[in-house]
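Letters A, B, ... are given to chains in the order of the sequence lines, protein chains preceding strands, and every chain is numbered from 1.
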Amino acid sequence: MLIAPQLSYALLAPILIVLGGALLGVLVEAVMKKGSRAAIQTTIALGTLVLAFAFLWRIHGQTSKTAAVNSVAIDGVGIFIQGTILILSFIAILFIADTDNFAAQASAVPGSEDERAAVQAGKQQTEIFPLTLFAVSGMLLFPVASDLITLFVALEVLSLPLYLMAGLSRRRRLLSQEAALKYFLLGAFSSAFFLFGAAFLYGYSGSMTLDGIASAISANAANDVFLLIGIVFLSVGLLFKIGAVPFHSWTPDVYQGAPTPITGFMAACTKIAAMGATLRIFYVAFSPAEWQWKPIILTIAILTMVVGGVAAIAQRDVKRMLAFSSIAHAGFLLAAVLALNTSGLKGALFYLATYGFTTLGAFGVITLVRDSSGEVTDLNRWVGLGKKSPLTASIFTLFLLSFAGIPLTSGFIAKFSLFTGAYETGNTVVVVVGVLTSAITAFFYLRVVVMLFFTDPKSDSVTVVIPSIMTRIAIAVCAIVTIVLGVAPSLLLNTAQTFATFIR
Amino acid sequence: MTTSSHLVYLIALPLVSAAILLLLGRIADKWGHYVATLVSASTFAIAVIEFFSMRSRSGDARAATQDLFTWISVGSFNVHASLLLDQLSICFVLLITGVGTLIHIYSIAYMSHDHDRRRFFAYLNLFVAAMLLLVLGDSYLNLYVGWEGVGLASYLLIGFWNQKPAYAVAAKKAFVANRVGDIGLSLAIMIAFAQFGSVSFAGVKEGVPHASTAALTALGAMLLLAAAGKSAQFPLQSWLGDAMAGPTPVSALIHAATMVTAGVYLITRSNFVFDASHTAQNMVIAVGAITLLFGALVGTAKDDIKKALAASTMSQIGYMILATGLGPIGYAFAIMHLLTHGFFKAGMFLGAGSVMHGMNDEVNMRRYGAIGKVMPITAVTFGLGYLAIIGVPPFAGFYSKDKIIETAFNIGGSKGVIVGGAALLGAAITAFYMTRVIVLTFTGTKRWDDEAHPHESPALMWIPMVILAVGSIASGFLFNSGHALVKWLEPVVNASGAEEGEALLAPMTVSALALGVVAVGVAIAIVKYRTVPVEAPAGNVLTRIVRRDLLQDDFNDRVLVRPGQALTRFFVGMDKSFIDGIVRGVGGTIAVGSTNLRKIQNGYVRSYALIMVVGVLALLTTIWMVTL
């Protein structure tokens, strides 16, 4: 006889609400008139996220529950990451809603009559909002999923909308569509690895749940080869999403091609969700086999930091530069995977939150620097921006300093607490390389600062547009968080400490 | 110990006011100075209330503390941001807020034509806040914050008119000289922490009996270095004369009455350290004695009225420092002289400011003469300050300075004779140069151009001068009657209740001697300056050397600045050729690597997929080899 599974709706509410909001958005697309859609969609998206956060707040004390027949684990890390994603998505929606960044009509061929007509009619694709919400729902599920099937479903739910969103840029559409296709092809490729890895792990342990795998490893029952292949293949899927070397190749192209608000959203929220899932899998399922996988994660962490840091130096495009910077950050974050202790976990949670704000803010500023044909991402044309618009340049500088981990910005505390955790469990090598590459990355961040402030502006048509109120609020929030968490980190660090637990 | 909850307002009020005035900018131009003055007055009111409430308590309950927050907590090292108001600090708090308020009032008129008056008042408030923190901190570290704060305020105010390069240079000079002293203080704090594991006054005091003499001497020497920097004592005295570039009220408040006395406060506060190390005490005596003569000598040759007063300040603080070196009984006399000096020197500076105000900012005394007739109030208040500083009874300086000279003689032996003799000689020179200032400025024949129209200053300026003059008359008598101040300070500086040593000379003899030498000094000055040429005569070698501040700047320049610059050039060269070479090499290598990495990023999905596959294979191989 089949027993209906028990679903604890309260615990799943944040995910379900976001899914509901997305569906509502699809309905709006179907029935509302073109003109009023944007405002309604924005309201729905923001409202949905607020409501989801409210429901998450109600369960923030319950940090040791499982839901949906043990396939979802609601624990400290899960709740912290879900909360971070909801807040950052809210800010991302502010950026998305604001600018005319998205294709007038995605189905029109670039350069065609149809496209021109759509642009002239002042159209703008509003499917972006439900797509974002779908992606967010996947991101909420991914870090709390505690069995392999749910993990895979969440991975796909978050990835598929992103493939589409990457292709929706209003200008330079070919580049954008190329990015989307690349992202899709390579994403599908990595998903296949993930699924294959899941199959091997099931073959090894006879269990789909993470703690089932952990106990199988502890019992040391079965064929090691299956386990090792499983670990490697599953890692490939995860490392692809967080953009670790050598599975990072898509990152610069996609970050450059995608509409900038979407790039910000991907760089912040996707990385957080994927990192959350990675931490859970390695801390919960794979930790008994740490001696097997630690060398490869260590190698990847070092490669990622070095390649990300070094390759960023030669970049001439600000979005590509930030893409490589995000790769380097992924390397730093892998140090937390190696740490395998509470303080590493705390550091990672803090790092993810602060990194998210800084990243969103930085990409937000990029949307403002334009000439007549849209955003200007060529760094050579950013020269002397500090003299033209000191406020914008100063805020961008703040974000860069935080990326570089300069004290009094959140980035410093984040790196410090992350590396402390890794050092405590004896991962000296990764800490040393991390600090050295931090110095390399500081070079190219500071080079941009020099370009902004200490070089005379060229007579160029580059201007900083006056941002709308929503963008202003979003950038201001990101900047304030970056400073406040740099000056008074304990505000969030203590919370991260409380939430730094997994249930097994 | 009593706990109090409103000590913090003493610091918070002026600090907030300064922040408001600075942040509001020009909006506050119309009323900013009133706010600042009102705030200063209210801190004085709080100080007065605190004083009377302290008097109403008795014994150990007199000192009040307030714990604000835990500032540093690292392992066993804990520093609380706490305030301590005891019998010693209340003296300073009353002086700072009282004189400070008078000078705020004076400045309203004095600075009325200045475009940046609001900023000036903001800095004044900042100074008051920092100075109060300095005297209220209950640990060396808290004191250090205030110490640096007054340094900042002093820098900002000396360079207030920094559109004149010379003034900006003067501000920098003060800053650098103070930096040397500040290193002394930070080293002292480190020594205290290393020796006693605590940086609070109470903690260090507790640890002193168990510490080695060498450590205490080192601690004392570093504290003395700090004091020398802040109080313009030998060998860090050179900045004070140039500091007169600041507006005159600043010279009166910061560079006469309060900030420059911080060194005296520091040594008095650390009495337990100096009492335990005779070597440190002797160093203090030497520094004090040298400076009091140095300053007095420099004062004899200055034609700039403010610089003459500055030299005098240096010399008078030399007396105070000397007194602090004389053991438990000396501290109280140092503080007494500090307080009376606060009145008469601030009063005279304000008088000088008043003269300059009437004379189109002319500072050369050779161009003054006969100003007493046109500025009677200024002349009288300045004259009362003059009588006080040269030590004519019953004016304030008579009591305080005589006590120091007397105590110096009484330390006994040849040391007592030398130090006492120096103090006595200082008194004679003081009488000479101060008489010179009076004669050149207020009496004799008029030597100013017809374009100058000296006039008495407005009421806002002369009222503070009159109040300070009253202080110059009465304060010494009040402090001395029934040993009021000595007894008041006893719990802090002389807990063991040490009495004055065996008297080498009777008090009456000392007074008579002092008055005798003062009379000689006055007489010489009067005779010598019967006629005053407008252009200074060339003078003999000695005069020229004294005019050049006894070659202090030449000495610093030759011995410190030039070798220092040579060393800097050497390091810059090393940095450029050697260190930058390494850095460029590393940078170049990385840049080459970066360009190569860029080639891999060729944009083709097939290459990307291939890289992934290679990656997977590499991982599998690695994990395989690890397991083997």
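- Shortest non-hydrogen contact noted between A:S249 and B:I611 is OG-CD1, 3.9 Å.
- For CZ of B:F570, the number of neighbouring non-hydrogen atoms (other residues, nucleotides, ligands) closer than 6.0 Å is 12 at most.
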Test log, rule side-chain contact (heavy atoms from CB on, under 4.5 Å), inputs A:H248 and B:Q601:
CA-CA 10 Å; A:H248 69 290; B:Q601 198 71 33; 4.1 Å; yes
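- Neither the backbone nor the side chain of A:S235 comes within less than 4.5 Å of any heavy atom in chain B.
- Contact tally against chain B (heavy-atom pairs below 4.5 Å) for A:P252, A:A314, A:S190: the top residue is A:A314.
- The CG atom of B:L619 sits 9.5 Å away from atom CZ of A:F233, with the distance rounded to the nearest 0.5 Å.
- Summarising the geometry, atom CD belonging to A:Q315 is positioned 9.5 Å from atom CG belonging to B:L597; distances are rounded to the nearest 0.5 Å.
- Heavy-atom minimum distance, B:V605 versus A:K182: CG2-CG, 3.1 Å.
- Proximity to chain A (any heavy atom under 4.5 Å) is restricted, for B:V626, to the side chain, taken from C-beta onward.
- With a 4.5 Å cut-off on non-hydrogen atoms, A:L181 does not touch chain B at all.
- Closest non-hydrogen pair, A:F240 versus B:M612, comes out as CD1-CE, 3.8 Å.
- In this structure, chain B has a heavy atom under 4.5 Å from the side chain of A:I300, while its backbone stays farther away.
- Within a 6.0 Å sphere centred on CZ of A:F184, heavy atoms belonging to other residues, nucleotides or ligands number 12 at most.
- The OG1 atom of B:T622 sits 7.0 Å away from atom CD1 of A:I296, with the distance rounded to the nearest 0.5 Å.
- In terms of heavy atoms, A:D253 sits closest to B:Y608 at OD2-OH, 2.6 Å.
- Environment of CZ in A:F200: crowded, with over 12 heavy atoms of neighbouring residues, nucleotides or ligands closer than 6.0 Å.
- Two residues are said to be in side-chain contact when any heavy atoms from C-beta on lie closer than 4.5 Å; A:V225 and B:W624 meet this criterion.
- Counting heavy-atom pairs closer than 4.5 Å to chain B, the top residue among A:F443, A:W291, A:F324, A:F193 is A:F193.
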Step-by-step side-chain contact (heavy atoms from CB on, under 4.5 Å) determination, B:V613 to A:F189
CA-CA 10 Å; B:V613 172; A:F189 194 42; 3.5 Å; yes
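- Summarising the geometry of A:V310 relative to B:G593, their closest heavy-atom pair is CG1-C, 3.9 Å, with the distance given to 0.1 Å.
- The CD1 atom of A:I231 lies 11.0 Å from the CG atom of B:L620; values are rounded to the nearest 0.5 Å.
- Both the backbone and the side chain of A:V307 have a heavy atom closer than 4.5 Å to some heavy atom of chain B.
- Around atom NZ of A:K294, more than 12 heavy atoms belonging to other residues, nucleotides or ligands sit under 6.0 Å away.
- The contact between A:I313 and chain B is made by backbone and side chain atoms together, counting heavy-atom distances below 4.5 Å.
- When all heavy atoms of B:S594 and A:A311 are compared, the pair lying nearest together is OG-O, 3.5 Å.
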